[in-house]
Structure formats: C-alpha cells, structure tokens
**Student:** 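This is the structure I want to talk about, given as structure tokens.
Computed over heavy atoms, backbone and side chain alike; hydrogens, waters and symmetry mates excluded.
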Amino acid sequence: MYPIEMKSPRYTFFTSQTQEAHVFSTWEDILNSKVLSHLTVSIKVPGAPVWWLDIRDATQRDVAVVSQALSIHPLTAEDIATRETREKVEVFRNYYLISFQTLVSFVNDDSESVDAGTGQGQGCIRSSTASSIPYSAEFYILVFNGGTVTFSPSGCGHMARVQDRIRRLHDPSILSSDWICYALIFEPHRQAAEYESEAIEDQVFIARVDDVKSLIPRVDKLRKKITHLTRCLSGKVDVLNGFVKRCQAKDKSPVFPDGEFILYLGDVQDHLVTTLQSLMHFDEIVSRSQSNCLAQLSANNLRLSLNINSVLSKVTVLATIFVPMHMMTGLFGMNVNVPGQEVDGLGWFFGIIGGMLSFMVIACSVAYKYKLL
C-alpha cells in the first residue's frame with residue numbers, strides 16, 4: 001500500500017519549449033496534462049525540447065511511477081525510496097545518477113537569520129514547527145539524454161533560481177539535461193553566511209548589554225549553519241571530482257557529457273573550493289565575534305559585581321555610624337532613672353541631639369577621608 005498523496009503542489013514540470021514551470025498536486029493531474037507523453041518523446045526523439053521534472057518530498061508511489069515511466073534501474077529506485085545517504089555517481093544504460101548531501105533551511109517568522117540559498121535534497125517529512133537552523137538532506141539527480149528528474153525536499157528555493165537562470169540564458173542552444181544538472185549542483189551558499197557574519201562582527205562592539213545578549217543565539221545559529229555547509233560541500237567536492245574523472249575517462253559511458261560541459265564542471269569545482277575557504281574564514285570571524293561577545297558580557301558582569309560590592313561597603317559603613325545613635329536613644333528611653341530627667345528646660349535634649357550630630361559628622365568625615373564613602 002502506498003501512502004496517500006498530499007494535496008499540496010509537489011510536482012513541477014519545466015520545459016525549454018514554453019519556458020514555464022507547471023505545478024501539479026497529484027499524478028492524475030500530470031496524466032491529464034500529458035506530461036508523461038512529453039517525457040517519452042523528449043527521450044526518444046533527438047532535438048526535442050529539454051524537460052525537467054522535480055518531485056518534492058517523494059513517496060514510494062512517486063518513485064514507482066517514475067521508475068515505470070522512465071525505465072529507472074531498481075537499485076536507483078531503492079536508493080531514492082530508502083533515502084540512501086551515501087554520496088555517489090552511478091551510470092546506467094540510459095541515464096546517470098548523482099547523489100549527495102545538501103543543506104535545506106527553514107526560517108521562522110521571528111527568526112533573524114538569512115536563508116542560506118541552499119539547494120534541494122530528497123525530502124524528509126519535517127514537522128511544521130521548523131527552526132532556522134538548517135539541516136542536511138539527500139539530493140538525487142537523474143540525468144537522461146533529453147531531460148532531468150530531481151527529488152527535492154520542502155523548504156528549498158534553489159529550484160526557482162535555476163528556472164530563472166534558464167530563462168535568462170543568452171544562448172538557448174546550450175541548454176541540455178547536463179546543463180540543468182550543472183545548474184543544480186552550482187548553489188550560492190557563501191553570500192548569506194558572509195552577510196550574517198559581517199553584520200554580527202559590526203554589532204559586537206557597538207551593541208548595548210541587552211543587544212549583546214541577543215547576539216549570542218545569532219552567533220550560535222550561524223556557526224551551526226557554517227558547520228552544516230562545510231560538511232555538505234565537502235561531500236559534494238568528492239562527488240564532483242569523481243564525476244569529472246568519469247567524464248574524462250577514455251572508456252566513459254555515452255550518457256556522460258563531454259566537450260565544453262567539462263568547463264562548466266571545472267567552474268563548479270573552483271566555486272566549491274572558494275566557498276569552502278570562505279566558510280573557514282567566516283567561521284574564524286564568527287568565532288572571534290563570539291569570544292568578544294562573551295568577553296563583553298563577562299566584563300559587564302564584573303563591573304556590575306564591583307558596583308554592588310561598592311554599594312554594600314558604603315551601606316555597611318553607614319550602618320556602623322547610625323547603629324550607635326539608635327543605642328543612645330534606646331538608653332535614654334528606658335523606664336528607669338536617667339540623667340537630666342528631673343531638670344527643667346530643653347538643655348539636655350539639645351545637648352544629646354548635638355552630641356549625636358557631632359558624632360555623625362566626625363564619623364562621616366573620617367570615612368570620606370579614607371574613601372569608605
């Protein structure tokens with residue numbers, strides 16, 4: 001039994017003939033639109049329009065339908081259905097498979113993080129309460145002679161960017177299924193991390209105490225994002241190196257691209273190496289910013305502790321001065337015979353008050369002289 005299909009649009013079909021993306025919710029809608037017939041024609045007839053089918057959060061039924069329609073090998077279908085995490089390049093009779101880990105980012109409404117602009121992967125059904133911390137996902141590309149099939153997860157915006165890039169091609173004749181594969185591998189990871197790290201670095205030294213406390217979670221999220229990016233891109237570099245070697249081999253399979261497409265792959269290799277080096281630099285910046293934030297918080301806490309100690313010492317000195325005054329008033333207020341109680345007039349009263357004030361002035365002067373107040 002296959003799971004019940006979700007009603008949200010999960011299928012996107014793009015063709016170079018119309019330059020438009022058609023979105024479908026069920027396979028019945030795809031059959032009614034005759035998309036599968038276009039796929040068959042695109043595969044068998046040379047020079048036919050290049051097509052691209054993307055399936056988001058693929059189910060077992062999706063894999064079964066695509067396998068039957070495009071003659072996918074059972075091993076490929078099993079890898080996609082079980083979400084095989086091993087990154088690899090495999091070649092078959094009529095297509096080749098590229099599988100690697102990529103980053104998918106969800107952003108809450110109250111999140112301050114920037115979307116990483118990441119690519120897509122074989123979807124894991126996630127909870128609706130998604131955090132701004134990205135996670136790794138499996139990404140599969142099936143490249144045929146006439147088109148490409150991708151399996152992507154929810155929360156990725158790279159598909160729309162690739163479609164827009166296809167529409168802006170200055171020479172439509174270079175568009176092919178291999179070029180779509182190249183565009184899917186080429187993902188703009190670096191800019192978002194760069195902007196966020198620079199923003200954090202600028203705010204560390206000008207932020208107030210409350211702002212510094214809010215910076216700590218942002219720094220933690222960005223470091224996690226950079227760690228995920230580095231891990232995903234490292235695996236992609238290995239996959240791409242193996243892919244280039246198999247394309248340049250003398251006994252390579254005819255389904256592999258050749259010619260100028262190797263230049264595109266070399267461009268992706270250079271981009272990945274540069275991105276990894278930049279991520280290492282950004283991680284150093286964020287690490288230094290985090291240390292500065294913690295040092296600033298520690299200095300603020302130390303300053304607050306010193307202020308509290310200073311206030312408590314002054315309160316102690318004042319208590320030492322005023323406590324004897326309470327003792328004096330208590331002695332003269334006892335229900336026993338005390339000096340001056342039988343004397344008429346206010347001499348004793350003002351004498352006691354004057355003595356207490358004199359003691360207070362002398363004690364406060366001495367405390368101020370020795371910087372106790």
Side-chain angles (χ1 to χ4, degrees), residues 43 50-55 66 70-73 75-80 83-104 117-122 136-153 156 158-159 161-162 165-166 169 174-190 228-277 279:
I43 292 175
V50 179
W51 54 267
W52 172 22
L53 176 64
D54 175 63
I55 303 175
V66 173
L70 301 178
S71 301
I72 294 178
H73 196 277
L75 291 178
T76 302
E78 181 181 359
D79 289 342
I80 299 174
R83 295 163 184 168
E84 173 63 40
T85 59
R86 187 170 66 90
E87 299 166 326
K88 57 186 176 180
V89 177
E90 291 184 345
V91 58
F92 297 92
R93 179 178 55 85
N94 59 333
Y95 68 92
Y96 62 89
L97 164 70
I98 298 180
S99 169
F100 52 81
Q101 293 282 326
T102 190
L103 203 67
V104 176
T118 53
Q120 53 282 350
Q122 168 55 29
S136 301
E138 297 79 24
F139 173 44
Y140 303 94
I141 307 177
L142 304 180
V143 182
F144 299 86
N145 291 330
T148 305
V149 179
T150 57
F151 296 87
S152 64
C156 60
H158 189 52
M159 312 297 288
R161 282 190 292 272
V162 174
R165 188 176 177 184
I166 293 175
L169 280 176
I174 67 175
L175 181 62
S176 64
S177 58
D178 298 316
W179 192 95
I180 295 176
C181 175
Y182 148 76
L184 290 170
I185 297 175
F186 190 92
E187 300 172 288
H189 292 288
R190 182 173 61 88
H228 282 289
L229 276 171
T230 304
R231 183 178 62 183
C232 294
L233 293 182
S234 299
K236 185 183 291 187
V237 169
D238 297 336
V239 171
L240 189 59
N241 291 337
F243 183 39
V244 171
K245 289 181 180 179
R246 300 186 71 168
C247 290
Q248 294 176 339
K250 296 181 179 180
D251 55 345
K252 73 180 182 68
S253 173
V255 299
F256 277 136
D258 53 7
E260 293 186 357
F261 185 73
I262 304 298
L263 299 178
Y264 288 98
L265 296 180
D267 180 62
V268 177
Q269 285 180 308
D270 296 337
H271 169 75
L272 291 178
V273 173
T274 303
T275 302
L276 286 174
Q277 293 176 351
L279 289 176

**Student:** So, do T76 and Y140 sit near enough that their side-chain heavy atoms are less than 4.5 Å apart?
**Tutor:** no

**Student:** Flag the pair W179 / I166 as yes when at least one side-chain heavy-atom distance between them is below 4.5 Å, and no otherwise.
**Tutor:** yes

**Student:** Once rounded to the nearest 0.5 Å, what's the spacing between atom CG of L142 and atom CD of E90?
**Tutor:** 10.5 Å

**Student:** Could you tell me whether the side chain of I174 reaches within less than 4.5 Å of the side chain of Y264, counting heavy atoms only?
**Tutor:** yes

**Student:** Assess the residue pair V89 and L240 against the criterion (side-chain contact (heavy atoms from CB on, under 4.5 Å)); give the C-alpha distance rounded to whole Å, side-chain angles, the decisive distance to 0.1 Å, and a yes or no.
**Tutor:** CA-CA 8 Å; V89 177; L240 189 59; over 6 Å; no

**Student:** Residues two or more places apart in sequence or in another chain: which of them pass salt bridge (Lys or Arg N to Asp or Glu O under 4.0 Å) with K245?
**Tutor:** none

**Student:** Nearest 0.5 Å, please: how far is CD1 in I185 from NE2 in H271?
**Tutor:** 11.5 Å

**Student:** Return the minimal non-hydrogen interatomic distance between L265 and C247, and the atom names on each side.
**Tutor:** CD1-SG, 4.3 Å

**Student:** Between V239 and K236, is there a side-chain heavy-atom distance shorter than 4.5 Å?
**Tutor:** no

**Student:** Could you walk me through whether L184 and W52 pass side-chain contact (heavy atoms from CB on, under 4.5 Å), step by step?
**Tutor:** CA-CA 11 Å; L184 290 170; W52 172 22; 3.6 Å; yes

**Student:** Quick one: do R83 and F151 satisfy side-chain contact (heavy atoms from CB on, under 4.5 Å)? Show the steps, please.
**Tutor:** CA-CA 10 Å; R83 295 163 184 168; F151 296 87; over 6 Å; no

**Student:** When rounded to the nearest 0.5 angstrom, what is the spacing between CG in L279 and OG1 in T230?
**Tutor:** 4.5 Å

**Student:** Quick check: do S99 and D79 have side-chain heavy atoms less than 4.5 Å from each other?
**Tutor:** no

**Student:** Does the side-chain contact (heavy atoms from CB on, under 4.5 Å) test come out yes or no for I72 and I80, once each step is laid out?
**Tutor:** CA-CA 11 Å; I72 294 178; I80 299 174; 5.6 Å; no

**Student:** Taking T148 for its side chain and S177 for its backbone only, find out whether a donor-acceptor pair lies under 3.5 Å.
**Tutor:** yes

**Student:** Determine whether D238 and E87 make a side-chain contact, defined as any pair of heavy atoms from C-beta on separated by less than 4.5 Å.
**Tutor:** no

**Student:** Does a side-chain heavy-atom distance below 4.5 Å link V149 with Y95?
**Tutor:** no

**Student:** If every non-hydrogen atom of C181 is compared with every non-hydrogen atom of V143, which pair is closest and at what distance?
**Tutor:** CB-CG2, 3.7 Å

**Student:** List for me each residue that meets side chain to side chain donor-acceptor pair (under 3.5 Å) alongside Y96, sequence neighbours excluded, and say none if there are none.
**Tutor:** D178

**Student:** Hey, what do you get for NE2 (H228) to CG (L233), rounding to the nearest 0.5 Å?
**Tutor:** 12.5 Å

